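Structure record follows, encoded as structure tokens.
Below, each value reflects all heavy atoms present in this structure, side chains not excepted, and no hydrogens, waters or symmetry copies. Both counts, for ligands and for their atoms, begin at 1 and track the order of listing. Predicted model, so just to flag it, every value in this text is computed and none were measured.
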Amino acid sequence: MRLDKLLADSGFGTRSVVRKKVLHGKVTVNGAVIRDASCKVAPGDEVTCYGEPVEVLSGKTYYYLLLDKPDEVLTAMEDPRLPCVGELIESRYKNRGVSPVGRLDYHTTGLLLLTNDGELSHRLTSPSYNVPKTYRVSWTGGPLTGKDVAKASEGITLTDTAAPEHLKPCEIILESEDTARLILREGKTHEVRRIMAHFGKEVVSLRRISLGSLSLDESSLPGDIRDLTKDEISALHNDVGILH
Ligand code: URA
């Protein structure tokens with residue numbers, strides 16, 4: 001791999017920015033300052049930029065990040081106006097194609113997976129893979145009834161847009177008069193808020209706590225971010241039938 005591509009992919013700046021760094025003698029390969037950005041490097045070579053080691057990887061490397069998305073953050077890598085999740089992750093991940101799996105609303109908090117594993121991302125978000133997503137919701141407007149819960153479990157039809165939308169069955173586990181856990185197997189836009197509105201409730205807070213076999217840590221706080229463990233990655237692959 002070319003030295004400038006390695007440095008750009010590793011988050012040291014655009015190709016033209018890293019070429020200047022190389023030219024200015026800020027980069028070493030195997031202990032020697034290299035000023036030719038087209039120089040080839042391979043796994044086993046020791047590369048540094050401003051003295052910081054740069055890992056030379058072979059082939060595509062996959063990254064899996066678990067972000068506890070805070071309130072008032074957009075599920076996007078970049079936005080000209082609003083804070084977005086892309087600002088919460090290190091730039092080396094962005095350069096390697098890491099992006100959010102599905103979307104949480106601006107005001108929804110909780111589990112957001114980010115990865116550059118396109119097949120996993122596709123399968124986790126496609127309704128045909130039936131991956132359960134659990135949300136903890138609180139609302140105003142009075143308690144949900146047993147009848148509401150039963151209707152949701154059969155699959156309601158939303159009529160809040162021009163064309164009626166039939167939803168997959170949704171499991172509602174009541175926790176109190178104004179809190180519940182909802183388990184969905186698809187990810188239609190604003191689905192939980194619209195289900196609650198269908199029953200005359202207004203959502204006060206919405207937090208995703210699990211996606212397939214992956215759950216937020218008990219102690220997780222909005223803004224926390226960590227790499228998935230090997231076991232969590234295998235379990236997610238297993239959830240959607242990706243076998244290694
Ligand atoms: N349903 C919603 O209404 N909002 C979300 O962010 C996720 C599911």
Determine whether Leu236 and Ser213 make a side-chain contact, defined as any pair of heavy atoms from C-beta on separated by less than 4.5 Å.
->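 With C-beta onward as the side chain, the pair touches.
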Does the side chain of Leu65 reach to within under 4.5 Å of the side chain of Tyr93, using non-hydrogen atoms?
->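 Sidechains of Tyr93 and Leu65: in contact.
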Looking at Val22 and Ile34, what are the two nearest heavy atoms and their distance?
->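 So the minimum-distance heavy-atom pair works out to CG1-O, 3.2 Å.
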Can you list every pair that meets salt bridge (charged side-chain N to carboxylate O under 4.0 Å, His left out) and has a residue in residues 196-208, with sequence neighbours left out?
->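 The answer is Asp68-Arg207.
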In short, salt bridge (charged side-chain N to carboxylate O under 4.0 Å, His left out) pairs touching residues 134-150 with sequence neighbours left out are Arg136-Glu175
Identify all N/O pairs between ligand 1 and the protein with a separation under 3.5 Å and present them as a table of atom names and distances.
| unit_1 | atom_1 | unit_2 | atom_2 | d |
| --- | --- | --- | --- | --- |
| ligand 1 | 1 (N) | Glu191 | N | 3.4 |
| ligand 1 | 1 (N) | Val192 | N | 3.0 |
| ligand 1 | 3 (O) | His190 | O | 3.2 |
| ligand 1 | 3 (O) | Glu191 | N | 3.3 |
| ligand 1 | 3 (O) | Val192 | N | 3.1 |
| ligand 1 | 3 (O) | Arg193 | N | 3.0 |
| ligand 1 | 4 (N) | Asp105 | OD2 | 2.8 |
| ligand 1 | 6 (O) | Asp105 | N | 2.7 |
| ligand 1 | 6 (O) | Thr108 | OG1 | 2.8 |

Considering only distance and modelled atom types, tabulate donor-acceptor pairs under 3.5 Å from the side chains of residues 45-56, sequence neighbours left out.
| unit_1 | atom_1 | unit_2 | atom_2 | d |
| --- | --- | --- | --- | --- |
| Asp45 | OD1 | Asn30 | ND2 | 3.1 |
| Asp45 | OD2 | Ala42 | N | 2.8 |
| Thr48 | OG1 | Thr28 | OG1 | 2.4 |

